[in-house]
Amino acid sequence: MKLPIAEKIAILNKVTLQSLSESKQLQIVRKFTEASLGIMGADFGWAWWRNSTKDTYTIAYKSSGIPYEPNPPRKKGGNYLAQKRGEPIFVADTSKQKYEKQYDVRPFMKSYVIIPIVFDRRSYGNIVLCYKKLKKFSGEDQSLAAAIGNAMAQAMTINNLYTNLKDFKNTLDNTLDSILIFGGPKFKISYANNGVMNLLRNGNKSIQNKSFCDVVVGLSEKSLKEKTDEIINKNNTDYLVFESFICDGLNAKVPVEISLQIVKEPNQSGKFLAIIRDITERKQAEIHITKMAYYDQLTGVPNRTLLNKRLSSEHAKAKHRNSMYAVFFIDLDRFKIINDIYGHHAGDALLVQVAKRIQKALPKKATLARM
């Protein structure tokens, strides 16, 4: 079953958070490659680890039951090209590629994508995802592949710099995500990167020493304490993801996804790292999908599906209250004649006007639907 885009991004966020405190970087490679297989719907794959000092590659992970042994990356091959460009390479049909005999992989896969793991001019290697059948790569696939490479590279970089706070701060300042660190009884902010300033449109105004609750709309100290306590008391994980809003410098509410992770420090009370992502586009997409699913595309009123849901709800309420409700079915006489004489465009315009006039005459709580 194809996963919705929001669920794919949620998986990627989860793996990113899990990777920040991972002790072994090869485990990060494994987690991201396994997640990428599911996110991109690939049949099998592997990851090449790049030795930056010798510019050589070793295989760091490969799927179980892989149908053939991957060939080492070669000069001017796909892996080399992806690293040079810093962006994924998609091959929709391997039969159209010119391979030397020893590198012919066409019997084993029909399509593949190479995702470079590059951040701030540092290359960690590539993820290669393969498909046994021809795959037509969409715009969504291209965006997801770029997001995977960027997220993994950032996770690797941040993981590398956990022990070096100065370099860690510089990396966070230049990362694409908005990152905050806060803690203490009043949840005071001790660090905010440039991404936070851009998201809040604060310019050079510092938000350090303000409470994290001052940044997130409607988040009380009591509610935040419940969330941080939940992270502290969890046995199997130390992060939490939730959605909320922030208010930018123009007093506009921006929908965001907030990922909270505890930063464990010896002999100190816990601090928390918050990754804040603007999810405006995702919310707009969800609204659009809901509108497509539940509303008539011509008139804009609810469709049969939403009508049935509301009827079921109204019926349950009436049964509970021992009350009644009314359903009117309205038909347009001689509508076919309008279509036949003036054409379907005129018929559509008539339906839109009829819907507007009926809607105007109805009370606010009534539902008008087009069957």
Side-chain angles (χ1 to χ4, degrees), residues 1-5 7-16 18-19 22 24-51 56-74 76-83 85-118 123-153 155-156:
M1 186 179 75
K2 188 178 178 182
L3 295 173
I5 182 71
E7 194 169 333
K8 292 177 180 179
I9 296 298
I11 292 170
L12 190 57
N13 288 343
K14 181 179 177 181
V15 176
T16 303
Q18 289 174 339
S19 301
E22 183 59 59
K24 296 180 180 178
Q25 289 209 328
L26 285 180
Q27 278 297 101
I28 299 178
V29 176
R30 172 177 289 276
K31 285 178 180 178
F32 267 95
T33 310
E34 287 177 343
S36 301
L37 288 164
I39 290 171
M40 298 292 291
D43 296 305
F44 60 93
W46 58 87
W48 291 108
W49 179 268
R50 182 173 175 268
N51 186 328
T56 57
Y57 290 86
T58 55
I59 199 155
Y61 172 81
K62 61 181 178 180
S63 304
S64 58
I66 198 166
Y68 78 104
E69 191 65 25
N71 300 301
R74 50 205 166 95
K76 296 183 180 178
N79 285 279
Y80 172 84
L81 215 56
Q83 291 287 310
R85 293 179 183 173
E87 58 186 39
I89 289 180
F90 297 85
V91 175
D93 189 351
T94 55
S95 67
K96 295 180 181 178
Q97 298 291 304
K98 293 180 180 178
Y99 288 96
E100 295 176 34
K101 247 183 181 180
Q102 67 195 70
Y103 294 112
D104 194 358
V105 296
R106 285 170 285 187
F108 310 103
M109 64 178 176
K110 303 299 181 187
S111 307
Y112 66 87
V113 56
I114 301 173
I115 303 173
I117 308 160
V118 180
S123 167
Y124 294 95
N126 295 317
I127 293 176
V128 184
L129 305 176
C130 308
Y131 302 83
K132 294 178 181 178
K133 296 180 181 179
L134 288 174
K135 166 78 172 173
K136 187 177 180 181
F137 294 104
S138 63
E140 180 181 305
D141 291 324
Q142 293 173 15
S143 298
L144 283 169
I148 289 167
N150 181 61
M152 181 172 174
M156 300 284 278

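Along the sequence shown, residues carry numbers from 1.
- In this structure, OG on Ser143 lies 11.0 Å from NZ on Lys8, to the nearest 0.5 angstrom.
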Exercise for the section: Evaluate the side-chain contact (heavy atoms from CB on, under 4.5 Å) criterion for residues Leu144 and Ile9: first the C-alpha distance (whole Å), next the side-chain angles of each, then the deciding distance (0.1 Å), finally the verdict. Expected result: CA-CA 8 Å; Leu144 283 169; Ile9 296 298; 4.0 Å; yes
Which side-chain N or O atoms in residues 34-46 pair as donor and acceptor under 3.5 Å with protein atoms at least two apart or in another chain?
from	atom 1	to	atom 2	distance (Å)
Glu34	OE2	Tyr61	OH	3.4
Ser36	OG	Phe32	O	2.6
Asp43	OD2	Lys132	N	2.7

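- Listed here is the closest heavy atom pair of Ala145 and Ile115: O-CG2, 3.4 Å.
- Distance CH2/Trp49 to OH/Tyr124: 7.5 Å, rounded to 0.5 Å.
- Residues Ile28 and Met152 share a closest heavy-atom pair of O-CE, 4.4 Å.
- Here CD of Glu87 is found 9.0 Å from CG of Leu81. Values are rounded to the nearest 0.5 Å.
- Between Lys110 and Leu134 the shortest heavy-atom distance is CB-N, 3.6 Å.
- Smallest separation of non-hydrogen atoms from Ala60 and Val29: CB-CG1, 3.8 Å.
- For the atom pair OG1 of Thr33 and CD1 of Ile117, the computed distance is 6.5 Å after rounding to the nearest 0.5 Å.
- Take Asp141 and apply the salt bridge (Lys or Arg N to Asp or Glu O under 4.0 Å) test, not counting sequence neighbours, and it matches Lys135.
- Contact check for Trp48 versus Ile59: side-chain heavy atoms found under the 4.5 Å cut-off.
- In this structure, Pro88 and Ala146 approach most closely via the heavy-atom pair CG-N, 3.9 Å.
- For Ile114 against Ala82, the heavy-atom pair with the smallest separation is CG2-CB, 3.8 Å.
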